[in-house]
Structure formats: C-alpha cells, structure tokens
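Reading through the structure tokens given below for one structure.
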Amino acid sequence: MAHTMQKSKEQLKQIIETAIKKAIDKGDLPQAETPEFIIETPADRSHGDLATNAAMAGARAFRMPPFKIAQSITQNINLEETLFEKCEIAGPGFINFFYSSKFYTDVLRDIEQEKENYGRTDYGKGKKVMVEFVSANPTGPMHMGNARGGALGDCLASVLDCAGYDVWREFYVNDAGNQIEKFGCSLEARYLQIFKGDKIEFPEDGYQGVDITELAKEYADSNGDILLDKSSEERRKALVDYALPKNIKKMQADMAKYRITYDKWFFESELHKSGAVKAVVDLLTEKGLTYENDGAVWYKNKEVVTNILKAQGKSDDYIEKLELKDDVLIRKNGNPTYFAADIAYHKNKFDRGFDTCIDVWGADHHGHVMRMKGAMEAIGCNKDKLDVVLMQLVKLVRNGEAVKMSKRTGKAIQLSDLLDEVPVDSTRFLFNTREANTQMDFDLDLAVAQDNQNPVYYVQYAHARICSIIKALEADGIKARVCTDEELAMLNTEEEKELIHHISLFESEIISAAKEYDPTKITRYVTQTATLFHKFYNACRVKGENEGLMQARLALCLAVKTVIKNILTMFNISCPDKM
C-alpha cells in the first residue's frame, strides 16, 4: 500500500493538473497541453514541504512569464479536504505547498496500522535478485575487506528485500584451480619442513601466512610422517583434503558469528565436475571468440569489449587508452583459468532465473567489471543485468593511528579477531556508515565506546529511551491508547512536525537505497531519526501534559520506536529495551 508521503505527492500532482485545467477553462491561461512538471522536497523546509516547477515548465507552452503562470495556477487551486493547508509562490515562479495537520495524523496512522511492516514496499515487484558478496579465497583467513564486504552486502540484500525484491544471498567458494594448487604446494613445503628442516625450499609464490604453518603442523601432529613416502601429488591432495574443509568451516563460522546467513555456498569445484566450465569455453569457441596461441586457449576480450564500447559511442582514443587485452581461458597445461570458471559461474546465475545479479567486489577488481559484462554479452546473457558494487579499502585505526596487528594474537588482524574485540552490532553498523566507493577508517575506540559518539549506541539509546518512557508511564497506570484525529492534530510544535515528517520518508528512503545499491542511506536515515527524537524529547514533555496531548506524544514515541526497531532488525542489529 502507498504510504502518506507517496499519497501526498500523487494528490498534489492531481491538485496542480486540476488547477491548470481550471485556469485554461476560465481563460486565465491560454489553451495548451499541460506541461510535464516535477514535484520535489525543498532543501529548506521553511520554503514548503513540497514544491513544483509547473509554472516554469509551462512558460513555453503558455507563452507567459512563469510568475504570472504561477499566479494563475494558485488562484485556481482548491486545497479543501487534502493533505495540504496552503501554498505560496516563491522566486521566479516556484509554488511551495505546506502540509495540513491531516498529513501528520495520517503518517502516525500508517505506522500504527503497519507496525513491523512499516517501510516495506512492493517497489521491486518480486523480481529475483542475487547478491553475491564476500566470496573470500578459502586458502586463508578472512580479512578487513571481507568484514566490510560482509556488512555492506548483507545490508544491501536486506534493503532490497524490504523494497519488495525476492532476494538470494550467495557465497562463491574458489575451491578449485590455481589457488588450490598453490595452497597444496604451500602446505606440502611446510609439512616437509617439519621433518626435514629448512633444506626444503618454500615456493616463491606460495602462501606465506602463519595459518599455512599451523595447518601443516596440525596434520603432522595427528598423522605423523605418513606422507613422507607418498608422491608429491598424493601428499598435496591429502593436505588439501585435510586443510580446505577446516578453512571453509571457519569461514562459515565467522559469517554466522557476523549474523550473515547465505542461501547457498556455491563451490567452484561443482562447475568443473558438472562440465560447466568446459561448456562455456566450447560456447565461446563456437561463436568464434577464442583462439589458440602457445598451447593455450585465449578469449577475444579486446574484440568483444571494443564492440560494446563502440556501440555506446565511445571514441577510438578512449578505447585505446583502456589498453584492452585478451584473456587466457585454458592454460598450456590444460587447466582452466579462474576467469573461465567465473564466466561459467555467472552464466549459472542467469540460468537459475535471476533478473539481476549483484556482485560486491573489492575496488582492485574494477578492471574485471567490463571483462565480465562483455563475457556475459558474448555468451548470450544480458550484460545490463549484471551489476557490480566496487568497495574501497578499509583501514583500522586506534588512538588515531593505523593498526595492522591483533592485540590478542600479535598477527595480522582477521575478521574473527575483529569480532572478538568489537561488538557485532557496532561492526555491522559502522561498516554501513560510509558508501562502498569511499575509503574508510574503522575506529576501534569508537566501535567499543558505550556513549553517544558511537553511532549504533546513539540509535539504540533512542529506542531504549522510548521504552523507558513507556515503562515509567505504565508504572503510573498510564497505557497507550488509540488517539483521535483531534488529539494527534495537537502535535504542532516545530520539533514534532519535523520528526513526523522525517519518519514519513522511510519508504522513499528504502526505495532510494535499493535503486542506488546503497544501504548506508538507511544507516544515516536512522541516525537522523534518533537525532530528531532526542531533539523532540528535550523540547516536549510526554508526561505532565493534558491527557490528550500526552497520549498524542506517546503515539509519536511509539511510531519512532517502530521505525528504529524496523531498521535495526532489518540490518540484524540488536534493539535493546534498556541500556
């Protein structure tokens, strides 16, 4: 159902169109087609709650100065029994409209009626959307980029769900290919070093992490030297078969601790076993988009992307500066590349019927975006249905200085270290305070602070304060009841009207965040909700006023409580009743 804010815009459009038609019929305006005009919220609400450019938009059609057109429109406007009480002409011909008390009353009625569903909308029309995020390499522990990607991806999925999409969360596990070979070589070297010392050289491109050494030692402690007399291939397979499931289980445990639940953990190895990777390479070959060189199979990435860019009107100079290159799909040794598997994986997504596939990637993958979109076009998928959110780096800060090592382990900070030190509520909220495309400093001191400087504490405190007001009133035998329209119309101070107007925007904020793939809009929105509530609380007493006004203010408190709770619950952040 449309909420009061949306209804007010639809109603205002009708009011303006009716007034223009009436002005034409009376001869106040010449005969002409009603022009297209916009209705928007002014930056400064003292200039009105909604404004229109209808007079400026009609200047050419009516061949009159905008100010005179605005006068003709306003003289023919009827605001009786609408959500507006007055209108004014401003500047060269803007018409500003001000809400009546009915608007504010209806907003509170919306929230009272919809409760935990307030803010949800059918904007997405049930379209199937997959959000693939984190998808960390299983050969090592998860890092700060994964922490940020987890919070942003999960909260983006929640926003899309609230906006009426059918949302699917997925984690792609790269448990095959080159990185697994490198993982096996690294484990083998560390295992052999346990028994043969440093005379065993470590691979130059091997994984140097302490976790590799620890996994090799764990295997040796449990199984001794049983792999020494095995072939290198058997040894690596045994070590990978032991270590990889442990790493994946740890990743799944970390995500669960982070309150992220995936609909599917999709394993790259499934694509190889099913023949999907070979099939996609064969498909590209059939389309004449591969060639052999030096024993490897190459994909004509340069040709595909150049054709797409030319169709978009890009110049040869622009394309040349991109320095496009072709990509290997099958290595000289016969093994498919990561890129080949990635094409097969994205084809699999669209084969499963998703209308849109959203990937959350690190900013270092920006060059991969056009490659993947081009590959989708090449295999017959719609490249415009693949969207990529690029996420900048995050830097941990303590006492104003960058932190790279964990106080607990003395090693590089992992996601699990962060979640041991910082409450999950803070982590999820703070990672959603900066847009994905901006670099971020994550302040560890701020994240653990239990005061209003910590944004999540500040918002949770507003919710707890409302619970405290309700409890105090109930202790005096006062319970909330349904207010009359006349009682709700008593909420007419600047603080009350500003707060009600703000909570009326929740649905439109959800739609905006869903359109722009930006869940940080909702974090900022709920922080502003808390600010406006604290401002109202300091200016307007709930208890001690006449009974009607007290009940109206209590109704407003309950509405704000609903909005805060709906947002925190949506983002899987706790909503305490007391603090």
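From a predicted model like this one, the values you see are computed outputs, not experimental measurements.
Judged by distance alone, the side chain of T427 and the main-chain N or O of P423 form a donor-acceptor pair under 3.5 Å. At distances below 3.5 Å, not a single donor-acceptor pair connects side-chain atoms of D359 with backbone N or O atoms of E132. Side-chain N or O atoms of N247 include one that pairs as donor or acceptor with a backbone N or O of P138 at under 3.5 Å. With hydrogens and angles disregarded, a donor-acceptor distance shorter than 3.5 Å links the side chain of R235 to the backbone of L227.
Taking the six-membered ring where the residue is Trp, the centroids of F133 and Y262 are separated by under 6.0 Å. Aromatic ring centres of F195 and Y191 lie closer together than 6.0 Å. Centroid-to-centroid, the aromatic rings of F266 and F171 stay 6.0 Å apart or farther.
In this structure, K237 and E234 have side chains that are not in contact, with every pair of non-hydrogen atoms separated by 4.5 Å or more. By the 4.5 Å heavy-atom criterion applied to side chains, E303 and L289 are counted as neighbours. At a threshold of 4.5 Å between non-hydrogen side-chain atoms, the residues T433 and R524 do not count as touching. Within the 4.5 Å cutoff, side-chain heavy atoms of L239 are placed close to those of E188. Residues Q439 and K395 are not in side-chain contact: their nearest non-hydrogen atoms beyond the backbone lie 4.5 Å or more apart. Taking 4.5 Å as the limit, some side-chain heavy atom of L396 sits within range of a side-chain heavy atom of L418.
Heavy atoms only, all atoms of each residue included: V360 and G153 are closest at CG2-CA, 4.2 Å. Nearest heavy atoms, I343 versus M376: O-CE, 3.7 Å. Between G145 and M391 the shortest heavy-atom distance is O-CE, 3.3 Å. Of all the heavy atoms in K257 and D420, the pair that sits closest is NZ-OD1, 2.6 Å.
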Practice task
Determine, stepwise, if the pair V159 / F571 fulfils side chain to side chain contact (heavy atoms under 4.5 Å, CB included).
Solution key: CA-CA 8 Å; V159 164; F571 281 174; 3.8 Å; yes
* To do: Walk me through it: do V131 and W168 pass the test side chain to side chain contact (heavy atoms under 4.5 Å, CB included)?
  => CA-CA 6 Å; V131 184; W168 179 272; over 6 Å; no
Practice task
Walk me through it: do M142 and Q414 pass the test side chain to side chain contact (heavy atoms under 4.5 Å, CB included)?
Solution key: CA-CA 6 Å; M142 289 194 280; Q414 304 170 8; over 6 Å; no
Worksheet entry | side chain to side chain contact (heavy atoms under 4.5 Å, CB included) evaluation trace for N572 with Y258 | CA-CA 9 Å; N572 246 328; Y258 207 11; over 6 Å; no
**Q.** Stepwise salt bridge (charged side-chain N to carboxylate O under 4.0 Å, His left out) test for D425 and R259
**A.** CA-CA 10 Å; D425 286 347; R259 300 179 193 152; 2.5 Å; yes
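The aromatic rings of H365 and W361 lie tilted to each other, with the angle between the two planes from 30° to 60°. Ring geometry for Y123 against Y165 counts as perpendicular: the plane angle is over 60°, on a 0 to 90° scale with 30° as the lower cut.
Heavy atoms of other residues, nucleotides or ligands lying less than 6.0 angstrom from NZ of K347 number 12 at most. Annotation: K383, atom NZ; neighbour count of heavy atoms from other residues, nucleotides and ligands within 6.0 Å is above 12.
Taking CZ from F339 and CG from N301, the interatomic distance works out to 6.0 Å, rounded to the nearest 0.5 Å. Taking OG1 from T213 and CZ from F202, the interatomic distance works out to 7.0 Å, rounded to the nearest 0.5 Å.
Judged by the 6.0 Å and 45° rule, K182 forms a cation-pi pair with Y207.
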